[in-house]
Amino acid sequence: MDDSIASSPSGEGNNNSVPTDTAGSRLRIKVGSTTFTATLLNKATVTAFKARLPLTVSMTELNGNEKYYNLPKDLPSSASNPGTIQTGDLTLYGSNTLVLFYKTFPTSYSYTRLGRVNNPSGLAAALGAGSVTVTFELE
C-alpha cells in the first residue's frame with residue numbers, strides 16, 4: 001500500500017507530516033468565501049478522487065467534528081485506524097463517503113487517508129453548523 005505524500009523529499013510514507021515540496025498534489029477546498037489548501041497523498045484512492053474534480057457538493061454535519069458527502073460511485077479504499085483524527089484530515093470512510101474533519105479527536109473507526117488541510121485554522125468556523133456547500137479542485 002502506497003500511503004506516502006506525493007513528492008515527499010524523503011520518500012518515506014505515512015509519517016503524518018505535510019512536506020513543503022508537494023508540486024502537483026495540492027487541492028483547493030472552497031467553503032463560501034474562504035479557501036483552504038490541502039496536500040494530497042500519493043495513492044490509488046487519491047488518483048481516482050482527482051479524476052472527479054472539480055467537485056462541488058453539499059456536505060452534511062456529523063458528530064460536531066466532521067462534514068461528509070456520499071459519492072455516487074465507489075473509490076478504491078485501503079482503510080486503517082489512525083488512532084487520532086486531526087483537524088483538517090480529508091478521508092474516505094468505506095469506499096464512497098468523503099469526510100472532512102474540523103476537530104481533533106480519538107477514533108476507533110478506520111478511514112482511507114486522502115490528505116490534510118495545510119493550515120486548518122478557521123476551518124471549523126468556515127464549515128459552520130449544519131450542511132455546507134464545499135468545492136474541491138486541483139490547484
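Remember, predicted model here, so these are calculated numbers, not experimental data. Because only heavy atoms are used, hydrogens play no part in the values below, and waters and symmetry mates are left out as well, while side chains stay in.
Annotation: the span from Asp89 atom CG to Lys103 atom NZ amounts to 15.0 Å, rounded to 0.5 Å. Atom-to-atom distance recorded for Leu75:CG and Leu98:CG is 8.5 Å, nearest 0.5 angstrom. Between the CD1 atom in Ile29 and the OG1 atom in Thr37 there is a gap of 8.5 Å [rounded to 0.5 Å]. In this structure, the separation between OG on Ser58 and NZ on Lys67 is 9.5 Å, given to the nearest 0.5 Å.
Every residue meeting the ring-ring contact (aromatic ring centres under 6.0 Å, His included) condition with Phe101, not counting sequence neighbours, appears here in chain and number order: Phe105, Tyr111.
At a threshold of 4.5 Å between side-chain heavy atoms, the hydrophobic network of Ile, Leu, Val, Met, Phe, Trp and Tyr places Leu92 and Tyr109 in two separate groups. The hydrophobic cluster containing Val99 does not contain Tyr102, counting ILVMFWY residues as joined when their side-chain heavy atoms lie under 4.5 angstrom apart, directly or transitively. One hydrophobic cluster holds both Leu90 and Tyr69 under the rule that ILVMFWY side chains link at heavy-atom gaps under 4.5 Å.
Counting only N and O atoms by type, the side chains of Ser110 and Asn81 include no donor and acceptor under 3.5 Å apart. For Glu66 and Tyr93, the side-chain atoms include no donor-acceptor pair closer than 3.5 Å. Side-chain atoms of Thr39 and Asn118 include a donor-acceptor pair closer than 3.5 Å. Side chains of Thr87 and Thr104: a donor on one and an acceptor on the other come within 3.5 Å.
No side-chain heavy atom of Met59 sits less than 4.5 Å from a side-chain heavy atom of Val31. The shortest distance between side-chain heavy atoms of Thr97 and Thr91 does not fall below 4.5 Å. By the 4.5 Å heavy-atom criterion applied to side chains, Leu71 and Leu55 are counted as neighbours.
Between the side chain of Ser95 and the backbone N or O of Asp74, no donor-acceptor pair lies under 3.5 Å. Put simply, the side chain of Asn63 never gets that close to the backbone of Asn65: no donor and acceptor are under 3.5 Å apart.
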In a table with atom names and distances, give each donor-acceptor pair under 3.5 Å that connects a side chain of residues 125-139 to protein atoms at least two apart or in another chain.
residue: Thr135; atom: OG1; partner: Thr56; partner atom: OG1; Å: 2.9
residue: Glu137; atom: OE2; partner: Arg28; partner atom: NE; Å: 3.1
residue: Glu137; atom: OE2; partner: Arg28; partner atom: NH2; Å: 3.4
residue: Glu137; atom: OE2; partner: Lys30; partner atom: NZ; Å: 3.0
residue: Glu139; atom: OE1; partner: Arg26; partner atom: NE; Å: 2.4
residue: Glu139; atom: OE1; partner: Arg26; partner atom: NH2; Å: 3.2

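A pairwise comparison of heavy atoms in Thr107 and Pro82 identifies CG2-CG, 3.9 Å as the closest pair. Among all heavy-atom pairs drawn from Pro76 and Ala44, the shortest one is CG-O, 3.9 Å.
Paired with Leu27 under the rule side chain to side chain contact (heavy atoms under 4.5 Å, CB included), one option of Val46, Leu114, Leu53 passes, and it is Leu53.
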Exercise for the section: Report the C-alpha separation of Lys43 and Thr112 in whole Å, then their side-chain angles, then the decisive distance to 0.1 Å, and conclude whether the side-chain contact (heavy atoms from CB on, under 4.5 Å) test is met. Expected result: CA-CA 10 Å; Lys43 60 196 303 180; Thr112 300; 3.8 Å; yes
